[in-house]
Amino acid sequence: MVATLFIDGTWRQASDGGAHDVHSPHDQRVVATVSQATNTDVLDAVAAARASFDSGVFTSWTFKERSALVAKIADLLERDADLVARKESDDTGKRFIEAQYDIADVIATFRHFANLGAKERERSVDVGLAHVTSRIVHEPLGVASLIGPWNYPLLQIAWKVAPALVAGCSFIVKPSELTPQSAVALMKIIEEAGTPKGVANLILGPGSVVGTPLINDPRVDLVSFTGGLTTGQTIMTAAAKTIKKLALELGGKNPHIIFADADLDAAIDNAVTAAFLHSGQVCSAGTRLLVERSIHDRVVNEIVRRAGQIRLGGPDDVMAETGPLISAAHLRNVTEYVEKGIAEGATLLVGGKRSEALEHENGWYFLPTVLDNCVTTMNCVQEESFGPVMTVEVFDTEAQAIALGNDTVFGLSGGVWSSDSEKAARVAGALRHGTIWVNDFGPYRPQAEWGGYKQSGIGRELGEHGLGEYLEIKHIWTNNSPSRSGWFSDPAQGESQ
Ligand code: NDP
């Protein structure tokens with residue numbers, strides 16, 4: 001019996017006993033078997049979340065009390081960090097050490113929101129009347145469906161769960177069916193920390209099946225989703241029927257701009273990391289290189305040399321530098337994306353296919369790939385591959401670099417390399433993306449907001465706004481010296497004002 005659904009404070013198997021195997025992307029071995037929820041299970045989870053919210057069992061806690069709970073969850077995660085990292089590494093195929101970094105980020109996320117929640121939130125407004133007290137208070141938004149992707153499974157869920165708990169929401173977590181194990185581990189910790197029954201619920205199963213009721217159900221007030229653009233569009237359409245609040249973290253096609261006056265050694269090294277870290281399965285990956293024409297050959301030759309040397313390998317390969325793609329289907333998508341790019345006129349300089357190494361034969365390994373001679377109109381420049389594929393375009397002027405950097409429906413992140421700080425600041429200001437790195441690429445901190453312009457999403461995670469997504473704002477006007485309004489005439493009282 002597999003009982004990995006957590007509903008109303010109880011670990012349950014699926015109502016029809018359904019379960020599914022999770023396979024390692026490294027060698028296809030079964031790393032876990034988890035329950036696969038039915039529609040009935042999802043509705044039970046929504047009912048439990050709604051009932052716990054409406055009962056006041058958690059909303060009655062103060063922000064400080066809920067922050068203490070979130071701090072305790074961070075402590076317990078720290079205790080179990082390696083166990084959780086192992087599960088994450090098994091599911092995603094990423095190196096164990098990378099999973100350890102991710103869990104450290106998860107813990108930092110819980111600590112950030114615990115600190116933020118302990119701050120005073122209420123404010124008063126001067127309405128210009130001595131007898132009136134006017135207060136702005138923040139209240140938990142309600143029941144939230146929290147849906148996460150497979151690339152950083154626990155981290156993306158943590159960005160939602162930690163603020164939802166601090167805010168006092170009740171919620172249903174749904175990780176990707178490809179990477180469920182770390183969410184199960186987190187839910188056990190949330191239970192151990194003393195979260196009231198029904199507040200935190202976990203549903204497992206394919207998004208197209210168990211995701212739908214999480215969006216459609218009128219008892220859900222908010223959907224916070226991280227994933228692809230197409231799924232985001234489906235969710236937005238469905239959520240319109242019940243005017244749900246939405247927080248969407250979608251894809252990115254992120255420009256990485258290198259000017260000729262940059263520190264090229266650092267820029268090239270960062271460009272390699274930005275595009276090929278986690279085999280490009282990063283929403284903010286710098287997969288769209290924009291390079292000033294005069295340095296094109298030098299930069300691209302060096303990136304190609306470095307890309308060809310990247311060592312691929314599984315979770316425990318200590319020589320490996322990055323791992324496999326998540327699934328056979330994703331490997332097919334990335335292969336087709338590259339083939340299409342070549343057919344459109346891009347020049348393949350390195351990679352472009354599945355690894356043929358014997359030790360990779362059972363895994364979904366794709367070689368780091370560089371496509372040169374790209375132009376903005378190409379599909380490979382506009383669409384996200386979510387694989388280790390860098391496209392290269394050239395520019396001649398600052399204005400052209402900005403125009404190219406903004407010529408995308410996405411707006412998640414971008415990078416600018418230049419030793420001219422004023423130029424770099426101008427370009428950073430002109431790029432319409434949620435995060436811009438100057439002479440760097442990739443770092444983030446939970447204290448700073450994360451999210452997208454344009455079709456990269458709606459709202460922000462992390463920072464202060466990341467908590468705001470889970471709060472309603474209420475204005476309470478109290479007249480301490482009540483009197484008649486006197487707006488309409490009342491003959492019994494004489495003339496109105
Ligand atoms: P998907 O959109 O395929 O899936 C994301 C989540 O949504 C999964 O849990 C999935 O479940 C679920 N889902 C799928 N269909 C539905 C549906 N109809 N209703 C409700 N839920 C559904 O994205 P991926 O998992 O493939 O993740 C990759 C994408 O995520 C990339 O585009 C990437 O850019 C983006 N991303 C964005 C980030 C950001 O911060 N902006 C961060 C990380 C990723 P299941 O997998 O079980 O089918």
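Both backbone and side-chain heavy atoms feed into the values below; hydrogens, waters and symmetry mates do not. Numbering of ligands and ligand atoms starts at 1, following listing order.
Here the heavy atom of the protein found nearest to atom 15 (N) of ligand 1 is Thr231 CG2, 3.3 Å. Protein heavy atom nearest atom 9 (O) of ligand 1, with residue, atom name and distance: Gly148 O, 2.6 Å. Shortest contact from atom 20 (C) of ligand 1 to any protein heavy atom: Gly211 CA, 3.5 Å. Counting only heavy atoms of the protein, atom 11 (O) of ligand 1 lies nearest to Lys174 NZ, 3.1 Å. Given atom 12 (C) of ligand 1, the protein heavy atom at minimum distance is Ile147 CG2, 3.8 Å. Atom 26 (O) of ligand 1 has as its closest protein heavy atom Trp150 NE1, 2.8 Å. Phe386 CE2, 3.5 Å is the protein heavy atom nearest to atom 28 (C) of ligand 1. Atom 7 (O) of ligand 1 has Phe225 CE1, 3.1 Å as its closest protein atom, hydrogens excluded (heavy atom only).
Salt bridge annotation for Glu384-Arg288: absent, with no cationic side-chain nitrogen under 4.0 angstrom from a carboxylate oxygen. Salt bridge annotation for Arg311-Asp317: absent, with no cationic side-chain nitrogen under 4.0 angstrom from a carboxylate oxygen.
Between Leu312 and His360, the shortest heavy-atom contact is O-NE2, 3.1 Å.
The cationic group of Arg86 lies under 6.0 Å from the six-membered ring centre of Phe96 and within 45° of the ring axis, placing it in a cation-pi geometry. Taking the ring axis of Phe58 as reference, the NZ or CZ atom of Arg66 stays within 45° of it and closer than 6.0 Å to the ring centre.
Proximity of a side-chain donor or acceptor of Gln382 to a complementary backbone N or O of Asp407 within less than 3.5 Å is detected. Using a distance-only test at 3.5 Å, with no hydrogens or angles considered, no donor-acceptor pair links the side chain of Thr231 to the main chain of Gly227. Looking only at distances, a side-chain donor or acceptor of Lys244 sits under 3.5 Å from a matching main-chain atom of Ile215.
For the 3.5 Å distance criterion, the side chains of Thr273 and Asn270 fail to qualify, holding no donor opposite an acceptor. Side chains of Tyr470 and Ser224: a donor on one and an acceptor on the other come within 3.5 Å. No side-chain donor from either of Lys253 and Ser385 sits under 3.5 Å from a side-chain acceptor of the other. Remark: the Glu191 side chain and the Trp11 side chain contain an N/O donor-acceptor pair separated by less than 3.5 Å. Donor-acceptor pairing under 3.5 Å is lacking for the side chains of Tyr152 and His278. Side-chain contact of Thr33 with Asp21: a donor-acceptor pair under 3.5 Å is present, judged by distance alone.
Rounded to the nearest 0.5 angstrom, Glu88 CD and Lys94 NZ are separated by 5.5 Å.
Heavy-atom contacts of Trp450 reach the following atoms of ligand 1: 40 (O) (cutoff under 4.0 Å). Close approach of ligand 1 to Pro175 is summarised as follows: ligand atoms under 4.0 Å from at least one heavy atom of the residue are 9 (O). Shown in contact with Glu177 at under 4.0 Å from a heavy atom are these atoms of ligand 1, numbered in order with element: 45 (P), 46 (O), 47 (O). Atoms of ligand 1 found under 4.0 Å from any heavy atom of Gln156, numbered from 1 in the order shown, are 42 (C).
Heavy atoms of Tyr152 come nearer than 4.0 angstrom to ligand 1 in no pair at all. Remark: distances from the non-hydrogen atoms of Gly451 to ligand 1 are all 4.0 Å or more. Ligand 1 has at least one atom lying under 4.0 Å from a heavy atom of Pro206. In this structure, Gly457 does not count as a contact residue of ligand 1, since none of its heavy atoms falls inside 4.0 Å of the ligand.
Contact annotation for Leu178 and ligand 1: no heavy atom of the residue comes within less than 4.0 Å of the ligand. Both the backbone and the side chain of Thr226 come within 4.0 Å of ligand 1, counting heavy atoms alone. Only the side chain of Asn151 comes within 4.0 Å of ligand 1, counting heavy atoms alone; its backbone N, CA, C and O stay farther away. Here Glu384 has side-chain heavy atoms under 4.0 Å from ligand 1, and that is the only part of it that gets that close.
Evaluated by nearest non-hydrogen atom to atom 42 (C) of ligand 1, the leading choice among Cys283, Gly228, Ser385 is Cys283. Looking at Thr212, Leu250, Leu412, Val282, it is Leu250 that brings a heavy atom closest to atom 37 (C) of ligand 1. Between atom 17 (C) of ligand 1 and the options Ala183, Gly207, Gly205, the minimum heavy-atom separation is to Gly207. For atom 35 (C) of ligand 1, the nearest non-hydrogen atom from the set Gly227, Gly251, Ser456 belongs to Gly227.
Below 3.5 Å of separation, one finds no N or O of Pro149 facing any N or O of ligand 1.
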